[in-house]
Amino acid sequence: MSNTNTNNLPTPLRWLVTLGPTHEPIDQVRFIGNRSSGRMGLEIAKAAKANGAHVRILAGPCSLPEIDSWTDVARFQTAADLRGLLTEAWSNFDVLIMAAAVADWRVVGAAHVGKIRRDATPPTLQLEPVAEILGNVRSRDNQFVVGFALEPKDEVIASARRKLVAKKADCIVANSLQTLDCINSDAQIVWPDGHVISLDAFGGIAAKSAVAKWIVAAISPAIAQKCRNR
Ligand code: CTP
């Protein structure tokens, strides 16, 4: 078996966790960003590590002190940075937790050098779409991919089902918009066979730390199955 080391001990599963927002620059001062705190990704990273996994965090611009002291961490600012880090690292990992909140648009062309002054004519920003990252990631059959979806409550499951296919993920963790930047989460997990699991034991919503442990426990059997021949 390849998933043992030279002492014949099982090597830990390697998890790659992306988290936080991206910042797409307008000038050297301003950016297009979003309200993602990175908290859910960090809690999942902690839960996976507590289960014995090796966990690398790819973190966007968010201010969670625990990220700075994480042993294996790299930082990104833009979606392009994240794509580069992910593309370079992914083949060395077993599990991808794509919790990063990637910007949908960025300013066309290079960012303005310096600062656009307030007394200048208000700028008209020409935007272009940010290319899809997760849906274009190349994965092996023995790698496990978790995508996320942030949606209005009444659309969350239908949209997560669409994203499951579009993003080629093994499951989607779907959250309602109301829990953005909160300490709580109402996550549900949508699986390819159509079934959905919810936080019933917690009354539908719980602290992100508890939800992260629930997510890691819920996906671990499928990970063990898919990554058994790593
Ligand atoms: N994602 C990605 N690349 C993008 C945008 C999103 O890889 N350019 C990933 C996110 O990290 C997340 C999943 O796709 O795991 C869903 O992100 P979300 O923002 O909910 O959806 P979008 O694809 O941006 O679609 P929409 O804005 O229409 O909901």
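The model shown is predicted, which means the values in this text are computed figures rather than measured ones. Atoms within a ligand are numbered from 1 in the order they appear, just like the ligands themselves.
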- [ ] Describe, in one word, how the ring planes of Phe144 and Trp191 are oriented to each other, choosing from parallel (under 30°), tilted (30 to 60°) and perpendicular (over 60°).
- [x] tilted

What protein heavy atom is closest to [atom], reported as residue, atom name and distance in Å?
atom: atom 8 (N) of ligand 1; answer: Ala131 O, 3.1 Å
atom: atom 10 (C) of ligand 1; answer: Ala100 O, 3.5 Å
atom: atom 6 (C) of ligand 1; answer: Lys167 NZ, 3.6 Å
atom: atom 5 (C) of ligand 1; answer: Val102 CB, 3.6 Å
atom: atom 3 (N) of ligand 1; answer: Ile133 N, 3.0 Å
atom: atom 12 (C) of ligand 1; answer: Phe148 O, 3.3 Å
atom: atom 21 (O) of ligand 1; answer: Lys163 NZ, 2.9 Å

Task: Verify atom 28 (O) of ligand 1: protein non-hydrogen atom under 4.0 angstrom away - done: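 Given the 4.0 Å cut-off, atom 28 (O) of ligand 1 does not count as touching protein heavy atoms.
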
TODO: Kindly indicate whether atom 19 (O) of ligand 1 is approached by any protein heavy atom to under 4.0 angstrom.
DONE: no

- [ ] Indicate, as side chain, backbone, both or neither, the part of Asp104 found under 4.0 angstrom from ligand 1 when only non-hydrogen atoms are considered.
- [x]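 The side chain, only.
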
Task: Region of Ala99 that comes within reach of ligand 1 [heavy atoms, distance under 4.0 Å] - done: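 Neither part.
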
When you check the side-chain N and O atoms of [X] and [Y], is any donor under 3.5 Å from an acceptor?
X: Thr124; Y: Gln126; value: no
X: Thr179; Y: Asn184; value: no
X: Glu24; Y: Thr78; value: no

TODO: May I ask you to decide whether Glu43 forms a salt bridge with Lys213, counting only side-chain N to carboxylate O separations under 4.0 Å?
DONE: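 Salt bridge: no.
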
